[in-house]
Number of protein chains: 2
Amino acid sequence: MNIGLLLFIPSRAVENRILAAVVAAGFEITQAQARVLMRVGPDGTRLTELAEAAQVTKQTAGFLVDQLEKVGYVERVPDPTDGRARLVRLTDKAREAVPVANEEMARIEAEWEQHIGKRRMAQLREALDMLGEITDPYR
Amino acid sequence: MNIGLLLFIPSRAVENRILAAVVAAGFEITQAQARVLMRVGPDGTRLTELAEAAQVTKQTAGFLVDQLEKVGYVERVPDPTDGRARLVRLTDKAREAVPVANEEMARIEAEWEQHIGKRRMAQLREALDMLGEITDPYR
DNA sequence: CTACTTTAATCAGAGCATCTGACTAAGACA
DNA sequence: TGTCTTAGTCAGATGCTCTGATTAAAGTAG
């Protein structure tokens with residue numbers, strides 16, 4: 001079986017489960033919004049960087065940030081180092097969702113480890129981490 | 001780093017590259033269409049099965065199959081075993097794209113193996129294959 | 001300092017993908 | 001026969017994403 005599909009299936013499983021957990025906890029957010037939100041750094045991130053990291057156009061990133069801003073998960077503040085730019089920052093409301101996501105992630109990892117074993121899990125992580133070096137355009 | 005993202009990044013890299021290769025070879029197809037097309041079995045597959053496998057609704061799958069049919073990559077034939085159902089089958093035109101996709105896939109795997117080594121590649125495949133058992137809703 | 005080039009972001013408009021809900025027709029079965 | 005389930009479609013709405021054009025600020029070469 002094709003390794004692309006082999007990667008895609010668990011990747012989507014993670015995405016779906018985390019999104020479902022966050023939504024179940026009362027946060028209203030979509031997959032696309034979450035993909036952008038996830039990339040916002042602790043001190044705020046520029047729209048252009050978000051777009052690159054999430055691999056969408058600036059317009060798309062802007063559209064999603066607009067929505068996230070409207071429902072209060074991010075705010076845009078001027079970038080003190082560049083008058084053209086603005087920094088997208090997480091609000092406290094968004095930060096409350098982080099532990100919910102982390103807990104679900106931990107649950108998933110525990111299930112996986114249960115199924116494939118600790119050793120294989122570590123090998124998986126190592127291999128993926130190295131692959132990131134050549135496939136992550138943001139790294 | 002979150003294993004969901006770790007999986008997602010190379011998974012998308014594969015998708016993008018294969019699609020690009022197929023498009024560059026003159027086939028006009030989109031990512032969403034390809035995801036459905038990929039699941040069509042050698043003897044044809046029902047729309048409902050395609051929808052499940054690709055994890056979209058029947059309506060979405062139907063919409064994509066309509067387009068694929070219009071440009072001649074699939075055909076719908078009556079299912080001899082069930083009067084309600086129809087089988088979606090690949091046309092010869094679609095089959096011509098298969099080697100193009102396979103060659104690109106082989107190229108990607110070679111690059112990856114070059115980077116992470118044969119042993120890790122085998123471990124990766126093994127771990128993913130096992131994860132499929134618990135994350136692939138179609139398996 | 002001025003003029004040109006690049007970069008960050010937005011606006012406008014379009015197309016594609018996806019969903020929910022309602023419906024039709026055929027099969028399964030009591 | 002009548003009821004329930006299943007395969008697929010129709011209609012309508014929303015969401016996501018893109019290309020192209022624009023504005024404003026920064027950087028740079030003369």
Side-chain angles (χ1 to χ4, degrees), chain A residues 8 12 15-16 19-20 23 27-41 43-71 73-89 137-138, chain B residues 8 12 15-16 19-20 23 27-41 43-71 73-89 137-138:
Chain A
F8 180 67
R12 172 144 64 177
E15 254 192 7
N16 288 345
L19 185 68
V23 168
F27 297 90
E28 294 216 351
I29 191 173
T30 67
Q31 198 71 262
Q33 288 165 10
R35 281 203 272 260
V36 167
L37 199 62
M38 204 167 48
R39 310 288 194 145
V40 177
D43 304 319
T45 305
R46 291 190 191 175
L47 189 65
T48 303
E49 283 182 86
L50 287 178
E52 271 173 30
Q55 297 212 61
V56 294
T57 59
K58 288 186 293 181
Q59 290 89 329
T60 299
F63 172 81
L64 295 167
V65 168
D66 282 346
Q67 298 177 314
L68 288 166
E69 195 173 25
K70 202 164 293 172
V71 292
Y73 291 130
V74 301
E75 57 188 356
R76 282 191 244 228
V77 299
D79 183 336
T81 73
D82 189 332
R84 293 165 301 179
R86 298 202 277 163
L87 293 174
V88 175
R89 280 205 312 218
Y138 190 60
Chain B
F8 180 68
R12 173 145 62 176
E15 254 191 7
N16 288 345
L19 185 68
V23 168
F27 298 91
E28 295 217 350
I29 190 173
T30 67
Q31 197 72 264
Q33 288 164 10
R35 282 203 272 259
V36 167
L37 199 62
M38 203 168 47
R39 310 286 194 147
V40 177
D43 304 319
T45 305
R46 291 189 190 177
L47 189 65
T48 304
E49 282 182 87
L50 288 178
E52 270 173 28
Q55 295 211 63
V56 294
T57 59
K58 287 186 295 180
Q59 290 88 331
T60 299
F63 173 78
L64 295 168
V65 168
D66 282 347
Q67 296 176 317
L68 288 167
E69 195 172 26
K70 200 164 296 171
V71 292
Y73 291 130
V74 300
E75 55 188 358
R76 283 191 245 228
V77 299
D79 183 337
T81 72
D82 188 334
R84 293 165 302 178
R86 298 202 276 162
L87 292 175
V88 176
R89 280 204 313 216
Y138 190 59

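The basis for the numbers below is simple: all heavy atoms, side chains too, and nothing from hydrogens, waters or symmetry mates. Keep in mind that this is a model prediction, so the values were computed, not measured. Chain A is the first sequence line, chain B the second, and so forth, proteins listed ahead of strands; every chain is numbered from 1.
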What is the distance, to the nearest angstrom, from the [atom1] atom on [X] to the [atom2] atom on [N]?
X	N	atom1	atom2	result
A:Glu52	C:dA9	CD	P	11 Å
B:Glu15	C:dA17	CD	C1'	14 Å
B:Leu50	D:dT9	CG	P	11 Å
A:Asp79	D:dA24	CG	C1'	15 Å
B:Asn16	D:dC18	CG	P	11 Å
A:Gln33	D:dT14	CD	C1'	13 Å
B:Asp66	D:dG8	CG	P	12 Å
B:Leu19	D:dT17	CG	P	16 Å

[N] phosphate, OP1 or OP2, under 4.0 Å from [X] side-chain N/O:
X	N	result
B:Arg84	D:dG8	no
A:Arg76	C:dT10	yes
B:Arg86	D:dT9	yes
B:Thr48	D:dT6	no
A:Thr57	D:dC18	yes

So which one's nearest nucleotide on DNA chain D is more toward 5', A:Gln67 or B:Lys58? B:Lys58

Quick check: on DNA chain D, is the nucleotide nearest B:Gly62 upstream (toward 5') of the one nearest A:Arg35, or the reverse? Name the residue that is more 5'. B:Gly62

Does CZ in A:Arg76 sit with more than 12 non-hydrogen atoms of other residues, nucleotides or ligands closer than 6.0 Å? yes

Below 4.5 Å, heavy atoms only, C-beta onward: do B:Leu68 and B:Ile29 meet side chain to side chain? yes

Interatomic distance, B:Asp66 atom CG to B:Leu47 atom CG [nearest 0.5 angstrom]: 8.5 Å

Does A:Gln31 contact D:dG15 through a side-chain donor or acceptor facing the base, at a distance under 3.5 Å? no

Report yes if a donor N or O on one partner sits less than 3.5 Å from an acceptor N or O on the other, where the partners are the side chain of A:Gln59 and the base of C:dG13; otherwise report no. no

Decide, yes or no, whether a salt bridge links A:Arg39 with A:Glu49 under the criterion of side-chain N to carboxylate O below 4.0 Å. no

D:dT17, C:dC19, D:dA7: which one has an atom nearest the side-chain heavy atoms of A:Leu64? D:dT17

Can you identify which nucleotide, out of C:dC19, D:dC18, D:dG8, has its nearest atom closest to the B:Thr60 side chain? C:dC19

Short question: side chain of A:Tyr73, backbone of A:Gln67 - any donor-acceptor pair under 3.5 Å? no

Would you indicate what A:Asp82 reaches in the nucleic acid, counting non-hydrogen atoms under 4.0 angstrom: base, sugar-phosphate, or nothing? sugar-phosphate

